[in-house]
Amino acid sequence: MWRLRLLVLAVLAAGSAEAQANSSDGFLEFSVGKFTYFALSKSFPQEAVLRHISSNVTFLLFQIHSQYQNTTVSFTKTLLPSTSGTGNDRGLVFILRPEQTVCTWYLETEDTKPVQSVALTLSYSERDPIPGGCNLEFDLDIDPSLYLDYNFFETTIKFAPANIGYARAAEPPPCDVSTGPESRWRLRYDVYQYFLPEGDLTEASLLHHLQRMAEVAQVKASAIKVATLTADDKTAVSFSSLLGQGVIYNVIVWDPSLNTSAAYVPVHTYACSFESVDGNCVSPGRVSTKVFSTLFALLGLFICFFGHRFWKTDLFFIGFIFLGFFFYILITRLTPLQYDVRLALTAVAGSFGGLLLVASWWRFGILTLCMLCVGLVLGFLVSSGTFFMPLGNLNVFHDDGVFWVTFSCIALLVPVIFMSCLRILNILACGVVGSYSVVLAVNSYMFTSLSYITLNVLRRALNTDFRGAFIRVPFQTNDYIILAMWGMLAVSGITLQIRRERGQPPFPPHPYKVWKQERERRVTNILDPSHHIPPLRERLYGRVARIKELFQKEQPAGERTPLLL
């Protein structure tokens, strides 16, 4: 009995030693449907091996993922564009030959640092559609990868059309010979989106959540379906970019005739760079943005609680927003200036707009004009919030004309509704808009989806291609906390101002008329002490004379003239 135990231990030890030897020799053993974690380095490329492939498997899909460092997967040791793929999320489809039970891939990286990676092999039968089987755009004959491109405005994923499945050793069905129900034109493509936890940029978290987006069943259970495309549609989908927020995308191709599905290789993005110095993923906000948004939030917080009492400061705040918004759009679309320069010029233009609105109120005193500006700013925020909801993703609003007309009507509706109670309109605008400025300031330090209520409208005004992007953002714990903070600030500010202004005049009198009446009263009323105040020019001359006396030499003491009797 003890000899048998020694024999078993010897066999296990030999097997362990063989596994370590294979790993050191650059071999990685894979199993179908199981994720494998490993580190890939430039000096030690790996050879991936899958054994014991079932006879009912027609093709294999091998995929490898890393956070931001590029890896290469190839059919051959010699890397060729037609037999390999390089990127963060890449995959290959291997069409099996008859009686084939072993499959091999080659993995390597050009990065000098070790790349933490996760890889997976999935098997499919002859009834399953082949992702990327009708590729005509990219280098590989069959390309199951999603190609992702992003900028400040939008993130776009592209993929090659799929083909219907076929048995081993059979000829692949033609891609574009016919468009009948027996061809690949019957296939449907479901696009899915999955959000990583907000503020989580760790490598381990990404590689863990990628497991939920690799297989068909897990994708349908974990992600949200954004769009469904037919074979007639363009195989490209755009989304609004979320700076610093991890997002995973995948496409599931479905064969309605056989009711079978297959998943492409999932792709991820943070809409930022981990390696750039300024504005990277770890610290996405620029210093200029933080300074601007912080000062703006301090002014907005004051307006939230005291805006109606300090009427001129309220008008300056509204004028700043009104002119600054349009000025930023104008210089961004017409000039190639850097972001920091544009932001500084926007601050100057906004300040001028605020002073202009205050000056117009002081000189002309047209309350309706001032309240129209106030109502339009509040209406802009209300209309932005309306299109921030799923309503904004309707196909009818992908047309710019329909979108901007509807947006303007909603914005104009707010001042029209409250035109009979202007004081309530102003207090509501102070509370809601002033507290939202705090939300924008928070976004410059940490990610929050609520900032995209207005940022998406700004993007649409700046970039014409943004009209086709799907607008979806995560709503997680941080967003609930910030939403509660926004609501508490708005309600507190509105309640405080309504209670404090009870019994007070709705608005202050016309400043120019008050100043003119005071001047006439001082001229006609000789008993008024202010009547005897010298004119401004004489008062200035008097102050200058007193200043000169400080620098004159002091006269010596003593009598210089005889006394007069």
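Source: prediction; values computed, not measured.
Relative ring orientation between Phe292 and Phe296 is described as parallel, the plane-to-plane angle staying below 30° on a 0-90° scale split at 30° and 60°.
Every residue was checked against the side-chain hydrogen bond (donor to acceptor under 3.5 Å, both in side chains) condition with Asn478, not counting sequence neighbours, and none meets it. Residues passing the side-chain hydrogen bond (donor to acceptor under 3.5 Å, both in side chains) test with Glu110, sequence neighbours excluded: none. Listed by chain and residue number, Cys134 satisfy the disulfide bond (SG atoms under 2.5 Å apart) test with Cys175 (two or more places apart in sequence, or in another chain). Every residue two or more places apart in sequence or in another chain that forms a salt bridge (Lys or Arg N to Asp or Glu O under 4.0 Å) with Arg184 is listed here: Asp176. In this structure, Ser31 has no side-chain hydrogen bond (donor to acceptor under 3.5 Å, both in side chains) partners at least two apart in sequence or on a different chain. Remark: Gln218 engages Glu215 in a side chain to side chain contact (heavy atoms under 4.5 Å, CB included) (not counting sequence neighbours). With sequence neighbours excluded, the residues satisfying side chain to side chain contact (heavy atoms under 4.5 Å, CB included) with Thr230 are Arg188, Asp232, Asp233. Among residues two or more places apart in sequence or in another chain, the side-chain hydrogen bond (donor to acceptor under 3.5 Å, both in side chains) test is passed with Thr228 by Asp190.
In this structure, a donor-acceptor pair under 3.5 Å is present between the side chains of His268 and Asp89. Side-chain atoms of Arg90 and Gln63 include no donor-acceptor pair closer than 3.5 Å. With hydrogens and angles left out, the side-chain atoms of Ser288 and Asp340 include a donor and acceptor closer than 3.5 Å. Between the side chains of Thr156 and Ser238, at least one donor N or O sits under 3.5 Å from an acceptor N or O. Side chain to side chain, His209 and Tyr194 meet the donor-acceptor criterion of an N or O pair below 3.5 Å. Side-chain N/O atoms of Thr448 and Asn443 include no donor and acceptor closer than 3.5 Å. Under 3.5 Å, the side chains of Ser84 and Ser74 contain no donor-acceptor pair of N or O atoms. A donor-acceptor contact closer than 3.5 angstrom is absent between the side chains of Tyr339 and Arg286.
Rounding to the nearest 0.5 Å gives a distance of 9.5 Å between CG of Asp465 and CZ of Phe153.
Panel note: side chain Asn163, backbone Pro173; a donor-acceptor pair is recorded below 3.5 Å. Listed for the Gln69 side chain is no donor-acceptor partner under 3.5 Å among the backbone atoms of Thr109. Listed for the Gln67 side chain is no donor-acceptor partner under 3.5 Å among the backbone atoms of Ser117.
Here the two rings, on Phe59 and Phe94, have centers that are 6.0 Å apart or farther. Here the two rings, on Phe397 and Phe387, have centers that are under 6.0 Å apart. The distance between the ring centers of Tyr189 and Phe159 falls below 6.0 angstrom.
The 12-atom threshold is exceeded at CG of Asp111, counting heavy atoms of other residues, nucleotides or ligands nearer than 6.0 Å.
Looking at Leu148 and Tyr249, their side chains come closer than 4.5 Å, going by heavy atoms from C-beta outward. Side-chain contact between Leu258 and Arg186 is present, with at least one heavy-atom pair separated by less than 4.5 Å. Leu458 has its side chain within reach of Tyr328: a pair of non-hydrogen atoms, C-beta onward, lies under 4.5 Å apart.
Tested against Phe62 for a side chain to side chain contact (heavy atoms under 4.5 Å, CB included), the candidates Val265, Leu107, Leu120 yield a single pass: Leu107.
For residues 177-247, no pair satisfies disulfide bond (SG atoms under 2.5 Å apart), with sequence neighbours left out. Judged as a side-chain hydrogen bond (donor to acceptor under 3.5 Å, both in side chains), the pairs with a partner in residues 379-402 (not counting sequence neighbours) are, in order, Asp400-Arg460, Asp400-Arg467. Residue pairs meeting the side-chain hydrogen bond (donor to acceptor under 3.5 Å, both in side chains) criterion with at least one member in residues 95-107, sequence neighbours excluded, do not occur.
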With a cut-off of 3.5 Å and sequence neighbours excluded, list every side-chain donor-acceptor pair involving residues 405-412.
residue : atom : partner : partner atom : Å
Thr406  : OG1  : Val402  : O            : 2.7
Ser408  : OG   : Trp404  : O            : 2.8

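When all heavy atoms are compared, the tightest approach of Ser449 to Glu198 is OG-OE2, 3.6 Å.
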### Message
Is there a side-chain hydrogen bond (donor to acceptor under 3.5 Å, both in side chains) between Thr332 and Arg342? Walk through the geometry before answering.
### Response
CA-CA 7 Å; Thr332 301; Arg342 285 185 277 126; 3.2 Å; yes
### Task
Could you go through the side-chain hydrogen bond (donor to acceptor under 3.5 Å, both in side chains) check for Ser241 and Thr155 one step at a time?
CA-CA 5 Å; Ser241 293; Thr155 297; 2.9 Å; yes
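For Glu29 and Arg51, the salt-bridge test passes: some basic side-chain N is under 4.0 Å from an acidic carboxylate O.
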